[in-house]
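Structure first, then comments.
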Amino acid sequence: MVLLRRWADPATLLALIQALAEQAPFRFMTTRRGGKLAAAMTSAGASGWVSDARGYRYESRDPLTGQSWPAMPDAFLVLADTAAAEAGFPGFAPDTCLINRYAVRAGMGLHRDGDERDFDQPIVSVSLGLPAVFLVGGMEKDEKPFSVGLESGDVLVFGGPARLLFHGIRPVKPGDDPLFGPFRYNLTFRRAR
DNA sequence: GAGTAACC
DNA sequence: CGGG
């Protein structure tokens, strides 16, 4: 796992996120057993990550609008590819970007990103807005995680042996980011298929 | 199941 | 009160 501190440009990404959210609005998804995910989500790219009563999966259409997910902006692709290369994974070509929006007090429990086809492909994660404590666990869910502070513009690359580590986000503390206001956004670039 | 809560 |  490689952390590139203050590596992405938050202002550029904010404008792109706003444009994407007009086409595919942020929404709260549910888990199979009726729980609600604490972060609002949307996606861009050829497919998008979806969770509902039927489970977790990638869908090529947005269930909310019935339309294709918005195309991934070129600047997203360039960012993900250069960050991956910097971390030792050249040639990364993500086909989806999951965008998570955390309001104050929202977090995400320990989980692993396991719905993609090829775990040899890394995941590039970009933090924006309010800071947060990122939890890095082990290969088993019961392993006790350690904490990493993440700030706006930080980029984390999960690849190789780190690709399937359990991870999570502690509830976001109240604050006001100059660009993003009272929110934390997270972009995760994946090769789903 | 990326959920919460109760209980020890 | 924190962890299991």
Side-chain angles (χ1 to χ4, degrees), chain A residues 1 3 17 20-21 24-64 69 72 76 80 94-150 154-159 161-174 180 182-193:
Chain A
M1 181 178 343
L3 174 53
I17 292 167
L20 291 171
F26 283 97
R27 83 292 307 262
F28 291 97
M29 297 187 189
T30 57
T31 62
R32 198 155 47 181
R33 309 223 322 231
K36 291 170 93 86
L37 298 182
M41 300 178 174
T42 188
S43 285
S47 63
W49 188 84
V50 166
S51 176
D52 60 19
R54 288 164 41 208
Y56 299 161
R57 65 200 177 277
Y58 284 94
E59 288 279 4
S60 46
R61 286 176 176 274
D62 177 354
L64 196 63
W69 298 98
M72 186 132 47
F76 274 22
D95 58 5
T96 181
C97 177
L98 174 62
I99 307 173
N100 287 180
R101 186 188 67 196
Y102 296 82
V104 163
R105 282 179 282 278
M108 184 135 343
L110 235 43
H111 68 281
R112 86 206 304 179
D113 297 356
D115 302 307
E116 300 74 26
R117 200 111 78 191
D118 181 6
F119 298 138
D120 291 338
Q121 297 290 324
I123 287 185
V124 173
S125 168
V126 181
S127 293
L128 298 167
L130 292 179
V133 175
F134 183 68
L135 301 169
V136 184
M139 291 292 290
E140 310 290 334
K141 196 174 184 180
D142 58 20
E143 214 168 306
K144 202 168 154 186
F146 64 89
S147 297
V148 180
L150 294 179
D154 288 353
V155 178
L156 209 44
V157 182
F158 288 87
R163 173 63 180 77
L164 289 171
L165 291 181
F166 279 85
H167 56 276
I169 284 286
R170 280 237 266 265
V172 172
K173 290 201 292 248
F180 292 86
F183 293 100
R184 172 179 188 266
Y185 288 79
N186 181 66
L187 270 32
T188 46
F189 295 95
R190 304 125 183 267
R191 163 61 68 166
R193 299 163 166 159

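Hydrogens, waters and symmetry mates are skipped; everything else that's a heavy atom, side chains included, is used. Letters A, B, ... mirror the listed sequences (proteins, then strands); counts begin at 1.
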Review point. Any side-chain N or O of Arg32(A) under 4.0 Å from OP1/OP2 of dG3(B)?
Key: no

Review point. Under 4.0 angstrom, heavy atoms only, what part of the nucleic acid is Asp115(A) near: base, sugar-phosphate, or nothing?
Key: base

Check your understanding: Can you tell me how far C1' of dG3(B) sits from CG of Leu110(A), to the nearest Å?
Key -> 14 Å

Practice item. Take the protein atom CZ of Phe28(A) and the nucleotide atom P of dT4(B), then report the distance between them rounded to whole Å. Key: 12 Å

Exercise for review: Hunt down the Watson-Crick or G-U wobble partner of dC8(B), both distances under 3.5 Å, from any strand shown, or write none.
Suggested key: dG3(C)

Review point. Nearest-Å distance, CE (Met41(A)) to C1' (dG1(B))?
Key: 12 Å

Practice item. Could you check how far CG of Asp113(A) sits from C1' of dG1(B), rounded to whole Å? Key: 12 Å

Point to revise | For atom CZ of Arg57(A) and atom P of dG1(B), their distance in whole Å | key: 16 Å

Review point. Between atom CE in Met29(A) and atom P in dG1(B), what is the gap in whole Å?
Key: 18 Å

Review point. Whole-Å distance between dG3(B) P and Tyr56(A) OH?
Key: 7 Å

Practice item. Tell me whether the guanidinium CZ or amine NZ of Arg101(A) lies under 6.0 angstrom from the six-membered ring centre of Phe183(A) and within 45° of its axis. Key: yes

Review point. Quick one: the side chain of Asp142(A) and the base of dG3(C), do they pair up donor-acceptor inside 3.5 Å?
Key: no

Check your understanding: Can you name the closest pair of heavy atoms from Gly114(A) and Phe119(A) and give their distance?
Key -> O-CZ, 3.5 Å

Practice item. Rounded to the nearest angstrom, tell me the gap between atom CZ in Phe166(A) and atom C1' in dG1(B). Key: 10 Å

Exercise for review: For Arg170(A), look at atom CZ and say whether over 12 heavy atoms of other residues, nucleotides or ligands are found less than 6.0 Å away.
Suggested key: no

Practice item. Describe the nucleic acid contact of Lys141(A) in one word from base, sugar-phosphate, nothing, applying a heavy-atom distance below 4.0 Å. Key: sugar-phosphate

Review point. Can you name the closest pair of heavy atoms from Met108(A) and Tyr102(A) and give their distance?
Key: CE-OH, 3.5 Å

Practice item. May I ask you to say what Ser51(A) touches in the nucleic acid, namely base, sugar-phosphate or nothing, with a heavy-atom cut-off under 4.0 Å? Key: nothing

Check your understanding: Taking atom CZ of Phe158(A) and atom CG of Leu3(A), what is their separation to the nearest 0.5 Å?
Key -> 10.0 Å

Review point. NA contact type, Gly55(A), heavy-atom cut-off 4.0 Å: base, sugar-phosphate, or nothing?
Key: base

